[in-house]
Enquirer: 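Below you'll find the structure I mean.
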Amino acid sequence: MKKWSRIVSFIVFVVAACWVMMTTTPKITQNISLGLDLQGGFEILYKVEPMQEGEAVTRELLKVTASMIEKRVNIGGVKEPEVTIENPDRIRVKLAGVTNEETLRSLIGRPAVLTFRDEQGRTVMEGRDLAPNGATVDFDDLKRPLIVLKFADPQKFADVTKKNLNKKVAIYLDDEMLTNPVIEEVIPSGNAQIRGQHSLEEANQLADILNSGALPSRLVELQTNSVGASLGAMALEKTVFAGYVGFGVVLLFMLWIYRMPGMIANLTLIFFTYICLMVLSWMQATLTLTGIAGFILSVGMAVDANIITYERIQEELRNQKTALSAFRTGQRRSFITILDSHVTTIIAALVLMAFGSSSIQGFSVILIMTLIVSLFTNVFGSRWLLAWLLKTNLFKRPTWFGVAERDIREQENAEVIRFDIVKRRRSFYLFSTSILVLGLCSMFIFGLHVGVDFKAGTRLDMFIGKEFQTLEISPILQKEVPDSKFKPVTKFGTHNEWATTTFEKPINKTELENIHKSLQQHYGSQVNMQESTVDPIIADEMVQKAALAVMLAAIGITIYIAIRFQFLFGLACIVALLHDVFVPLALFSVFQLEIDLTFIAAILTIVGFSINDTIVIFDRIRENLQNRKVQTFDELQELVNVSLWQTMRRSVFTVLTVFITVLAIAMYGSEGVYHFSLALIFGLVSGTYSSIFIAAQLWVSFKKREFSKEKAVVAKETVE
């Protein structure tokens, strides 16, 4: 009865937990904000320059300018604008969910300096002479909107009209003439009118701008990212679908390989997803396209902890231990390996957070959060649930854990070694060197296809939504932007419904508007665009930050490995990490794939994750060294070879679950994360290869010198 009461209580707990998740998830997801790349909008990084040459950009000037920008954004009716100051002289503006991008960009950036100029072009009055809220909207006799201006000092305005009686006094907004009336009489009331507004909305907007005042500084666009609202919705739908596919395949894989523990892993993976959503809601985080990709990636990474534990349990079962004993030994010996692997990935994610752009920082935050949550759910939670079932004594047979009886018999006398990996290390060195040489030749001959993030310019992705020829689009671009060179237009997308090109120099918002209108006239109203513009100043900074980020991540991980294991293990990690970074770089050069910030995010993720596999192997080598006395180099080679084969399934399966989720992103996700997923795929394959065939062999090669020195010392002592 006690056994069955445990089973019943387990089922009740799982059902209750699932019911709570099903009923609360919709409310939780409603509190998670979507980034501009998922609901449309734009992000602009401005450089603030003082109005007068020689003046310094102070913190106070930045605050006043940011406050003025926020007022103008509110005029445009945007909900929850994000305006942040970035030292020493920059302001970042993020507006998600907007449909009137062109209007808002013009509204934010225009100085809005109102001036009254006489016939000689001299300024006789300015907008700062207006009374508080002195601009209002009224209508003329024909019900056309006009703006009524009220000045703080009526006498000053009366003097201006008196001096310019029967002359023209033009009213300018910035350098645009709004009206040029003739002063027919002296105006003592201090009121003036601006006519010629096309609509009531335009008149209200201009009045609001005048009342908010002129910008205290000039704004120069350094970096721009914009996505149409419909494109954001498409990206969200496709990437979420990719997540469902990856999630489903991982669940089936775990159930097929590990049976009953696989079921526990699947339950904790569902709990993991729910808790991550809760944390995102609590953090009031903004979910971006790369953030969703990172979340999907974390699904594959989250089950790594289960795989490491379950593989150890299976190994103990093959050594004829009972299920409960195998569970206790497996969970105890695997924990430190799991902790090490999580820490190395967190190190890389912290570097991403420090040096990445806003969207990449969002990706790193989600990656760190999911790694921490997975420690609680997929380590402690899964062990607690598995122990709950094991105490019923109903799951004693090894087949419940995916271990066949014939495997137990094979493990009674000897360990299965299919071939000697260590002694063939020179062949693996040669193979890796060949790939690296090929990559170097490709980079020397063809170079790297660097995106606008690193070389400046404007990347334009155009959603055509119907059959088109690239030769038809090039003349349109040439007509609207005659003074800028651009790369040949190419197609991409699941059905080749997208066109893309890159302009060598940044193009302005007016040219973008003209391109958009021309494409819609040619192909229809469904045409939409997303733009990424980077100033040369930002591009140079990005290159420096990317190089520094990769270097710091590699150094941080290497130091951690050297401390946790020993110096030679850390040295082997350096070479393996360089291998893992260079192989995707070489392949991107060979296939001429674009390298942008998401590529760097993928590389740093690989730097953190591929070392996980190496840690699993190093941890087993260290354990075997503690249990066996190695006196000769041949014995060391044999020990490392045994360690590699003991962890082979674990090495392959930990990468395979992540590979499944990344492949789902590549096949079904949005085009915006396609190159990101490709870089991850290349890096995962390279990282798995280097962990098994390079890192451990390098450590053996380094240790060989120690054995050679010891032999020399023994020989010398014998002679003496």
Side-chain angles (χ1 to χ4, degrees), residues 1-29 243-279 281 298-314 316-317 321-332 334-335 338 370 372-405 653 657 660-661:
M1 290 295 294
K2 191 174 182 180
K3 295 178 182 179
W4 291 107
S5 66
R6 288 181 182 274
I7 290 291
V8 171
S9 62
F10 178 85
I11 294 173
V12 169
F13 170 79
V14 171
V15 171
C18 290
W19 180 81
V20 170
M21 288 188 291
M22 290 175 62
T23 54
T24 58
T25 297
K27 185 177 180 180
I28 291 172
T29 54
Y244 287 143
V245 172
F247 192 86
V249 175
V250 168
L251 293 181
L252 291 174
F253 174 83
M254 294 298 292
L255 195 61
W256 176 50
I257 296 295
Y258 299 110
R259 311 298 169 81
M260 190 266 289
M263 178 198 70
I264 297 295
N266 290 344
L267 288 173
T268 54
L269 191 60
I270 294 170
F271 297 156
F272 159 81
T273 305
Y274 176 76
I275 293 173
C276 285
L277 291 174
M278 283 184 61
V279 174
S281 176
S298 70
V299 170
M301 297 174 70
V303 295
D304 287 352
N306 296 118
I307 290 175
I308 292 172
T309 302
Y310 296 163
E311 283 292 321
R312 194 66 194 240
I313 291 173
Q314 286 187 345
E316 298 298 327
L317 287 171
K321 288 191 176 182
T322 64
L324 191 57
S325 176
F327 164 72
R328 288 170 177 167
T329 304
Q331 61 93 15
R332 185 182 68 253
S334 63
F335 178 73
I338 295 167
T370 54
I372 295 172
V373 172
S374 71
L375 273 175
F376 289 95
T377 58
N378 292 57
V379 177
F380 300 109
S382 63
R383 293 179 182 189
W384 177 62
L385 291 175
L386 187 55
W388 193 342
L389 288 182
L390 285 174
K391 288 179 181 178
T392 64
N393 290 322
L394 295 174
F395 304 96
K396 297 180 179 180
R397 297 179 62 183
T399 50
W400 282 106
F401 299 83
V403 177
E405 292 185 4
F653 287 167
T657 53
I660 288 170
T661 54

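As the structure is a computational prediction, the values presented were derived from the model and not from experiment. The figures that follow rest on heavy atoms only: side chains count, while hydrogens, waters and symmetry mates do not.
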Enquirer: When you look at CH2 of Trp400, are more than 12 heavy atoms from neighbouring residues, nucleotides or ligands closer to it than 6.0 Å?
Expert: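 Result for CH2/Trp400: open.
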Enquirer: What about the rings of Trp384 and Phe13, do their centers lie closer together than 6.0 Å?
Expert: yes
Enquirer: Between Thr24 and Tyr274, does the side-chain hydrogen bond (donor to acceptor under 3.5 Å, both in side chains) criterion hold? Intermediate values first, please.
Expert: CA-CA 9 Å; Thr24 58; Tyr274 176 76; 2.6 Å; yes
Enquirer: Distance from Leu386 atom CG to Tyr310 atom OH, nearest 0.5 Å?
Expert: 5.5 Å
Enquirer: Taking the side chain as everything from C-beta on, heavy atoms only, tell me whether Lys396 gets closer than 4.5 Å to Leu390.
Expert: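 Answer no - side chains too far apart.
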Enquirer: Do Thr309 and Arg383 touch side chain to side chain, with heavy atoms closer than 4.5 Å?
Expert: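 Contact flag for Thr309/Arg383 side chains = yes.
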Enquirer: Quick one: closest heavy-atom pair of Gly402 and Gln314, and the distance?
Expert: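 Scanning both residues completely, I find the closest heavy atoms to be O-NE2, 3.7 Å.
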Enquirer: Can you find a side-chain donor-acceptor pair between Glu311 and Tyr258 that sits under 3.5 Å?
Expert: yes
Enquirer: Output the distance between atom CZ (Phe653) and atom CG (Asp304), rounded to the nearest 0.5 Å.
Expert: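 One gets 12.5 Å once the value is rounded to the nearest 0.5 Å.
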Enquirer: Does atom CZ of Arg332 have more than 12 heavy-atom neighbours, drawn from other residues, nucleotides or ligands, at distances under 6.0 Å?
Expert: yes
Enquirer: How many angstroms lie between atom OG1 of Thr377 and atom CD1 of Ile275, to the nearest 0.5 angstrom?
Expert: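 Output value for this atom pair is 5.5 Å.
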Enquirer: I'd like to know whether Phe10 forms a side-chain contact (heavy atoms from CB on, under 4.5 Å) with Thr392, so could you lay out the CA-CA distance, the side-chain angles of the two residues, the decisive distance to 0.1 Å, and finally the verdict.
Expert: CA-CA 10 Å; Phe10 178 85; Thr392 64; over 6 Å; no
Enquirer: Ignoring hydrogens and angles, tell me if any N or O in the side chain of Thr329 forms a donor-acceptor pair with the backbone of Ala326 under 3.5 Å.
Expert: no
Enquirer: Closest heavy-atom contact between Leu389 and Ile264?
Expert: CD1-CD1, 3.7 Å
Enquirer: Less than 3.5 Å apart, any donor N or O on the side chain of Thr322 or Arg328 sitting next to an acceptor on the other?
Expert: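 There is no such pair between these side chains.
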Enquirer: Kindly say whether the aromatic ring centers of Phe401 and Phe327 come within a distance under 6.0 Å.
Expert: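 So the answer is no for these two rings.
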Enquirer: Run the side-chain contact (heavy atoms from CB on, under 4.5 Å) check on Phe376 and Ile372 step by step: do they pass?
Expert: CA-CA 7 Å; Phe376 289 95; Ile372 295 172; 4.0 Å; yes
Enquirer: For the CD1 atom of Ile313 and the CG atom of Leu324, what is their distance to the nearest 0.5 Å?
Expert: 10.0 Å
Enquirer: Looking only at non-hydrogen atoms, find the nearest pair between Gly381 and Thr268 and report the distance.
Expert: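 What the structure gives for the nearest pair is C-CG2, 4.0 Å.
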Enquirer: Would you sort out whether Ile270 and Phe247 count as a side-chain contact (heavy atoms from CB on, under 4.5 Å), showing the intermediate values?
Expert: CA-CA 9 Å; Ile270 294 170; Phe247 192 86; 4.0 Å; yes
Enquirer: Compare all side-chain heavy atoms of Thr661 with those of Val245 and state whether any distance is below 4.5 angstrom.
Expert: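 Result no, sub-4.5 Å side-chain heavy-atom pair not found.
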Enquirer: A side-chain contact here means heavy atoms from C-beta on lying under 4.5 Å apart; do Phe271 and Leu385 qualify?
Expert: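 The answer is yes; the side chains approach within 4.5 Å.
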Enquirer: Among Ile307, Leu375, Asn306, find the residue that satisfies the side chain to side chain contact (heavy atoms under 4.5 Å, CB included) test when tested with Ile338.
Expert: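 For Ile338, the side chain to side chain contact (heavy atoms under 4.5 Å, CB included) test succeeds with only one of Ile307, Leu375, Asn306, which is Leu375.
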Enquirer: Look up atom OG in Ser382 and atom CE in Met263, then write down how far apart they are to the nearest 0.5 Å.
Expert: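 Nearest 0.5 Å value for the OG-CE distance: 11.5 Å.
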Enquirer: So how far is it from Ser325 OG to Leu317 CG, rounded to the nearest 0.5 Å?
Expert: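 One finds 9.0 Å between OG of Ser325 and CG of Leu317.
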